[in-house]
Amino acid sequence: MNDFMLGNEAIARGAYEAGVRLVSSYPGTPSTEITEYCAKYPEIYAEWAANEKVALEVCAGASMAGARSICCMKHVGLNVASDPLYTLAYTGVNGGLVVVVADDPGMHSSQNEQDSRMHARGSQVPMLEPSDSDECRAFTKLAFELSEKYDTPVFVRTTTRVAHARSVVHPQERVEAALKPYQKDISKWVMMPGMAKGRHVVVEKRMNDLAKDASALPVNRVEMGDTKIGVICSGMAYQYVKEVAPEISVLKLGIVNPLPMDLIADFARQVETLYVFEELEPVIEEQVAAHGIPVTGKALTGRQGELSAHKVAKLLGKEIPTAAQPDPVPARPPVLCPGCPHRGVYAVLNKLKCTVTGDIGCYTLGALPPLSALDSTLCMGASIGMSQGYNRMLGDSAAEKTVAVLGDSTFLHSGATSLISACYNRARVTVMILDNSTTGMTGHQPNPSTGFDIHGERTTQISLTQLCEACGVPKEHIRVCDPFDMKALEAAIKEENAFDGVSVIVARRPCMLLDKKSRKSPLSIKADACRNCLSCMKLGCPAIERMEKGVRINPDLCVGCGHCQNVCPFGAIVEGSEAK
């Protein structure tokens with residue numbers, strides 16, 4: 001029976017059908033749902049790892065034991081996992097090992113627009129790229145076959161549009177993959193220089209063999225039509241080309257590393273003008289051109305952002321009907337949710353005019369007006385190291401106004417090592433861990449500090465305060481504060497900023513979207529008490545609305561958190577849904 005699946009759901013289905021026994025990942029949009037769907041199959045052991053590096057190492061161990069395993073991440077997560085990845089290409093596998101990486105052209109939920117095909121080329125790991133959900137399922141299964149046939153990890157690359165689009169899938173039954181016997185072989189598994197030199201030769205031969213064999217892989221498909229124009233494409237770009245120009249000749253690539261150059265050369269000979277339409281970097285185009293084949297592409301499409309059917313149509317000199325454009329709507333920047341515990345933290349930091357080095361998570365939104373309390377966001381775990389370097393160069397006067405901010409999941413992902421380094425190097429850093437008891441921005445996944453695993457079952461709960469003490473922070477300078485108590489929070493920040501060393505403030509309160517029991521009745525504004533000072537508007541709460549005359553609180557959005565009551569100097573905000 002056919003089904004209608006997200007691309008991410010279909011990848012999980014493909015892993016299930018391929019007999020996968022283990023999945024280990026760290027959540028990251030647009031890849032998160034793959035692991036969540038895998039966890040619904042009782043035949044697959046599923047876990048959230050502390051970060052992508054650990055996740056891939058767990059999968060590598062499962063592979064060495066002879067099991068098929070899959071590791072899923074977004075493109076910037078692949079940077080974290082690249083350390084084991086590049087050497088895994090040398091060791092190869094025992095049981096099949098597939099790495100799914102979801103790129104984000106257009107940066108819908110990411111801090112950069114990197115192209116993971118560059119990692120595939122750099123690590124010399126083959127990469128498949130599906131164009132729809134059923135290909136996500138089928139290509140995942142093929143990836144395991146290639147992994148074991150060629151003794152290599154294999155990438156499956158998606159993009160946001162493939163990962164989060166739905167299309168028809170033709171599911172099949174699971175085929176159990178027997179555990180492959182493990183045999184001790186230090187020349188394969190122990191990558192000391194002497195062994196690695198021998199394995200590098202194996203890698204080169206493997207990629208040469210794959211390049212020759214790639215032209216015959218069924219995932220590559222020639223669709224001949226009008227030979228005046230030929231387009232080489234893969235992934236979602238293929239869908240755009242077929243939508244706007246079904247009559248032209250197309251070479252659809254399912255494997256994008258190594259490229260099937262024999263097939264490409266044969267296709268090029270059959271068309272008058274050859275294009276490569278690909279998002280982000282000219283990975284395919286440059287290799288085709290390097291083989292002496294006349295081709296163009298990036299000169300037309302550019303390297304930034306996504307392609308679309310409209311863009312492709314314009315490139316091919318076509319017009320497609322467009323609906324009448326409505327009047328432009330006001331911009332709607334992302335904001336912290338009503339009742340978000342981070343809001344009080346940033347309101348205080350803004351009031352104190354602190355320099356705030358930030359991290360990846362919901363709290364990144366504190367950079368936007370009206371909170372405007374964040375100065376930097378680089379990558380997971382960077383806040384502490386950046387604060388350390390900033391203070392080291394500018395001295396104590398800077399340190400007294402500098403705070404590093406990161407979340408509970410991010411701290412355990414890669415912040416703890418930065419904290420160890422700061423303590424070891426006698427830095428002067430104030431760290432704020434915004435503990436909302438979840439991995440919030442990716443959809444409320446548990447993490448090691450929550451005490452629950454991917455299935456919601458109880459497990460070991462890591463104590464953030466004890467971990468900070470173990471990292472070297474003096475116990476007397478580790479404190480837990482309620483971010484709703486803004487006066488106490490302000491006092492804590494001032495005191496810890498005055499300390500000549502490393503201190504930690506854990507701002508602890510659950511995410512309001514999860515902790516529904518703490519929601520209270522909506523607040524309202526007493527018209528006769530309000531002086532229209534707009535102090536409440538500075539919180540940036542979506543429930544507080546500026547009207548032609550004065551301010552109102554939208555009862556449909558307000559969760560009664562009381563942040564606005566804390567900042568109103570006139571006591572004009574009161575409990576109850578009707579202003580008196």
Side-chain angles (χ1 to χ4, degrees), residues 8 11-12 14-16 18-28 31-102 119 123 125 140 143-144 147-148 151-156 177 179-180 182 188-191 380-381 409-414 416-417 439 442 445-457 459-462:
N8 283 345
I11 290 174
Y16 166 76
V20 164
R21 294 176 181 239
L22 179 145
V23 57
S24 183
S25 308
Y26 182 83
S31 71
T32 305
E33 298 91 350
I34 303 170
T35 305
E36 292 176 328
Y37 278 113
C38 281
K40 295 181 179 181
Y41 294 107
E43 297 88 347
I44 301 176
Y45 168 78
E47 69 174 30
W48 290 124
N51 62 32
E52 295 85 356
K53 177 180 183 293
V54 173
L56 186 52
E57 290 159 354
V58 170
C59 290
S63 170
M64 190 171 77
R68 287 186 169 185
S69 61
I70 189 168
C71 186
C72 312
M73 62 199 71
K74 68 183 295 178
H75 60 293
V76 288
L78 183 55
N79 298 335
V80 182
S82 63
D83 189 5
L85 171 71
Y86 277 65
T87 305
L88 265 173
Y90 279 38
T91 67
V93 303
N94 187 20
L97 197 164
V98 171
V99 179
V100 182
V101 58
H119 267 304
S123 63
V125 170
T140 300
F144 282 102
S147 176
E148 293 175 351
D151 187 20
T152 178
V154 175
F155 277 120
V156 173
L179 279 176
K180 294 181 177 294
Y182 165 71
K188 173 178 171 63
W189 295 108
V190 182
M191 284 302 96
M380 296 285 281
S409 183
T410 305
F411 176 70
L412 295 171
H413 176 285
S414 48
T417 49
T439 309
T442 52
Q445 292 76 29
N447 65 66
S449 73
T450 65
F452 296 93
D453 66 12
I454 193 171
H455 300 289
E457 297 176 357
T459 185
T460 301
Q461 183 174 14
I462 303 300

**Item:** Spacing of CH2 belonging to Trp48 relative to OG1 belonging to Thr35, to within rounding of 0.5 Å
**Value:** 4.0 Å
**Message:** Applying ring-ring contact (aromatic ring centres under 6.0 Å, His included), can you list everything that pairs with Tyr90, at least two apart in sequence or on another chain?
**Reply:** His200
**Request:** Grab the two heavy atoms, one from Ser123 and one from Ala89, that are nearest each other, plus how far apart they are.
**Result:** O-CB, 3.2 Å
**Inter-residue atom distance His413.NE2 - Asn447.CG, 0.5 Å rounding** = 11.5 Å
**Message:** Please enumerate all residues that pass side-chain contact (heavy atoms from CB on, under 4.5 Å) together with Ala102, with sequence neighbours excluded.
**Reply:** Pro30, Ser31, Thr158
**Prompt:** Can you name the ring-ring contact (aromatic ring centres under 6.0 Å, His included) partners of Phe411, sequence neighbours left out?
**Reply:** none
**Request:** Let me see the working for Thr91 and Met64 under side-chain contact (heavy atoms from CB on, under 4.5 Å), right down to the final yes or no.
**Result:** CA-CA 10 Å; Thr91 67; Met64 190 171 77; over 6 Å; no
**Fill in**
In short, Val156 meets Ala143 closest at the heavy-atom pair CG2-CB, 3.8 Å
**Message:** So which atom in Ile44 and which in Cys38 form the shortest heavy-atom distance, rounded to 0.1 Å?
**Reply:** CB-O, 3.9 Å
**Item:** Main-chain N/O of Ser414 paired to Thr417 side chain as donor or acceptor, under 3.5 Å
**Value:** yes
**Request:** To the nearest 0.5 Å, tell me how far Arg68 CZ sits from Leu22 CG.
**Result:** 14.0 Å
**Item:** Pairs touching residues 39-58 that satisfy salt bridge (charged side-chain N to carboxylate O under 4.0 Å, His left out), sequence neighbours left out
**Value:** Lys53-Glu57
**Asked** Can you tell me if Ser63 uses its side chain to pair, donor with acceptor, with the backbone of Gly95 under 3.5 Å?
**Response** yes
**Item:** Minimum heavy-atom distance between Pro27 and Thr439, given as atom pair plus value
**Value:** CG-CG2, 4.0 Å
**Message:** Just verifying a value: how many Å separate Ile454 CD1 and Thr459 OG1, rounded to the nearest 0.5 Å?
**Reply:** 12.5 Å
**Request:** Could you please spell out the steps behind the side-chain contact (heavy atoms from CB on, under 4.5 Å) verdict for Ile11 and Tyr37?
**Result:** CA-CA 9 Å; Ile11 290 174; Tyr37 278 113; over 6 Å; no
**Request:** Provide the closest heavy-atom pair for Phe144 versus Ala18 in the form atom of the first, atom of the second, distance.
**Result:** CD1-CB, 3.8 Å
**Message:** Is there a side-chain contact (heavy atoms from CB on, under 4.5 Å) between Asp151 and Val93? Walk through the geometry before answering.
**Reply:** CA-CA 5 Å; Asp151 187 20; Val93 303; 3.9 Å; yes
**Request:** Would you check, one step at a time, whether the test side-chain contact (heavy atoms from CB on, under 4.5 Å) holds for Phe155 with Leu85?
**Result:** CA-CA 11 Å; Phe155 277 120; Leu85 171 71; 3.4 Å; yes
**ring-ring contact (aromatic ring centres under 6.0 Å, His included) involving Tyr45 - partner list, sequence neighbours excluded** = none
**Prompt:** Checking Ser147 side chain against Thr152 main chain: does a donor-acceptor pair fall under 3.5 Å?
**Reply:** yes
**Value rounded to 0.5 Å, distance of CD1 in Ile34 from CD1 in Ile70** = 6.5 Å
**Request:** Kindly compute the distance separating CE (Met380) from OG1 (Thr410), expressed to the nearest 0.5 Å.
**Result:** 4.0 Å
**Request:** Apply the test side-chain hydrogen bond (donor to acceptor under 3.5 Å, both in side chains) to residues Ser409 and Tyr26: give CA-CA distance (whole Å), side-chain angles for both, the deciding distance (0.1 Å), then the verdict.
**Result:** CA-CA 10 Å; Ser409 183; Tyr26 182 83; 2.7 Å; yes
**Item:** Side chain to side chain, Val20 and Val98, heavy atoms closer than 4.5 Å
**Value:** no
**Complete:** Smallest heavy-atom separation, Asn94 atom then Glu148 atom, equals O-CG, 4.1 Å
**Prompt:** Applying side chain to side chain donor-acceptor pair (under 3.5 Å), which residue pairs with at least one partner in residues 69-79 are found, sequence neighbours left out?
**Reply:** Lys74-Ser110, His75-Asn112, Asn79-Gln114, Asn79-His119
